[in-house]
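Here is the structure we will look at.
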Amino acid sequence: MTDTSSTGQARGEAPAPRRRALYRLMRYLPLVAPVLLWAVPCWVLLYAGQHWPAPVTAGGTALFVLGLVAMPLGMARGHGRRQQDAAAILGDTLLGASWVLFTWSVLLGVVLRLALAVAGVGDGQDRARAVTWAVLGASAVLLAWGYAEARRVPRVRRLDVRLPRLGAGLDGLRVVLVTDTHYGPLDRARWSARVCETVNSLEADLVCHTGDIADGTAERRRAQAAPLGTVRATRARVYVTGNHEYYSEAQGWVDLMDRLGWEPLRNRHLLLERGGDTLVVAGVDDVTAESSGLPGHRAHLAGALDGADPGLPVLLLAHQPAFVDRAAAAGVDLQLSGHTHGGQIWPFHHLVRLDQPALAGLSHHGARTVLYTSRGTGFWGPPFRVFAPSEITLLVLRSGN
């Protein structure tokens, strides 16, 4: 492995413009979303024709109001300046539970009630109560299953990726991708160790981490991240920053990964040579880096490729799939990304697609650029994954010949 890092810190490219629809949505979302998440289920479960006894209605309403107050308060105290892990766990769990309740209150509140009415089943109150129990049952099952999915060691997703410019000497190169581990308020040190054991069982030539290691500083999450130092690769272990590093003293994470034996590819590249052929392995800081104000942190693809032979194939690590437009313009062969979590809790993926060009899996961009977007190895915030399973990815690179 040859280090060919660029020495200059050139000014990064301007970030791609956000879509107007996302801007409009995000402007009002923090104010409107919590109210909708709790008010809609409250109405569907307690008031929409059920005629529950007064104590049931009053008690249920009190629980929904308590959730509406506790959720943003817990998230603010947990993820704000106070960084109280117990508060973060409470707020994040309530966020996930309210999202599932909201989703199925809307779906079953409309679809099931309409189906029962068409079938002529019961009167208005019977149908309303059937919807209530269906929503509660579906939500309970999905939350229990989603919690188990979030906490388990991810399954390995294996696939071949053919790169026409890859030399025959590099055919069969094994690349393992982990990303979005999000070590956080729930202590997952044992989970982290088991993830690293799984990675080691794959006998990778190159192991990549494409950012969002943790929610919290390297000092606070050191114990959970420490198993990353046990990861083995025959060629190299490489890492790039994600947007969450820039909420938590990113330079501390860069320094810790360096001490754990990973190569932080901060707008630089390495050369991987085998069988007489060479692959450029490059990485860029997350696109949010420049706005963080940290000196020298920015997404600068030209700097990452500075000095590389343009005739060689390029594997690029960039945390967000949205970077692929710049990668395609530069002729990158393969970009590895995370960030989306595959939506994490269905149907949140529809909002993710407003911001990102890909949700999960392989996609093609420009004349030759292939993008692989991982659903992520861990989870952010709510400890649930619903119809968006986590993954450890093994990509076997195949030459054009």
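From a predicted model like this one, the values you see are computed outputs, not experimental measurements.
- With a 4.5 Å cut-off on side-chain heavy atoms, Val131 and Leu45 do not count as touching.
- Remark: Arg221 engages Asp85 in a salt bridge, criterion side-chain N to carboxylate O under 4.0 Å.
- Taking the side chain as every heavy atom from C-beta outward, Phe323 and Asp286 never approach each other to under 4.5 Å.
- When only modelled atom types and interatomic distance are considered, Asp325 and His365 share no side-chain donor-acceptor pair under 3.5 Å.
- In this pair, Trp104 and Trp346 present their aromatic rings tilted. The plane angle is within the 30 to 60° band.
- The aromatic ring centres of His341 and His349 sit 6.0 Å or more apart.
- A donor-acceptor pair under 3.5 Å links the side-chain atoms of Arg165 to the main chain of Leu312, judged by distance alone.
- A distance below 6.0 Å separates the ring centres of Trp145 and Phe387.
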Trace of the side-chain hydrogen bond (donor to acceptor under 3.5 Å, both in side chains) decision for His297 with Gln251: CA-CA 9 Å; His297 286 256; Gln251 189 58 50; 2.8 Å; yes
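- Every pair passing side-chain hydrogen bond (donor to acceptor under 3.5 Å, both in side chains) that includes a residue from residues 188-202 is listed here, sequence neighbours excluded: Tyr183-Ser192.
- Using a 4.5 Å heavy-atom threshold, the side chains of Cys208 and Leu177 count as touching.
- Here the side chains of Val231 and Cys196 are in contact, with some heavy-atom distance below 4.5 Å.
- Contact check on Asp180 versus Arg375 returns no salt bridge, with no Lys/Arg side-chain nitrogen under 4.0 Å from an Asp/Glu carboxylate oxygen.
- Residue Leu94 comes nearest to Gly67 through the heavy atom pair CD1-O, 4.4 Å, listed as atom of the first residue, atom of the second, then distance.
- When side chains are defined from C-beta on, Asp258 does not count as touching Tyr239, because their heavy atoms never get closer than 4.5 Å.
- Side-chain atoms of Gln344 and Phe384, non-hydrogen and from C-beta on, never get closer than 4.5 Å to each other.
- With no hydrogens or angles considered, a side-chain donor-acceptor pair links His209 and Thr181 at under 3.5 Å.
- In the model, Asp215 has no side-chain atom that pairs as donor or acceptor with a side-chain atom of His79 under 3.5 Å.
- Test Arg298, Arg326, His319, His339 against Val287 for side chain to side chain contact (heavy atoms under 4.5 Å, CB included) and you get one pass: Arg326.
- Using modelled atom types, no side-chain atom of Thr369 and backbone atom of Asp333 make a donor-acceptor pair closer than 3.5 Å.
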Review item, side-chain donor-acceptor pairs of residues 166-174, under 3.5 Å, at least two apart:
from, atom 1, to, atom 2, distance (Å)
Asp171, OD1, Ser399, N, 2.9
Asp171, OD2, Arg398, NH1, 3.2
Arg174, NE, Leu202, O, 3.1
Arg174, NE, Glu203, O, 3.4
Arg174, NH2, Leu202, O, 2.9

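- Tyr372 has its side chain out of reach of Gln335: every pair of non-hydrogen atoms, C-beta onward, lies at least 4.5 Å apart.
- Side-chain contact annotation: Gln125 with Gln50, donor-acceptor N/O pair under 3.5 Å absent.
- A donor-acceptor pair is defined here as one N or O able to donate and one able to accept, closer than 3.5 Å; such a pair exists between the side chain of Arg235 and the backbone of Glu273.
- Sparse packing is recorded around CZ of Phe348, with 12 or fewer heavy atoms of other residues, nucleotides or ligands lying under 6.0 Å away.
- Among residues two or more places apart in sequence or in another chain, the side chain to side chain contact (heavy atoms under 4.5 Å, CB included) test is passed with Ala388 by Arg385.
- The aromatic rings of Trp43 and Tyr47 sit parallel, their planes meeting at an angle under 30°, below the 60° perpendicular limit.
- Counting only N and O atoms by type, the side chains of Glu219 and Thr217 include no donor and acceptor under 3.5 Å apart.
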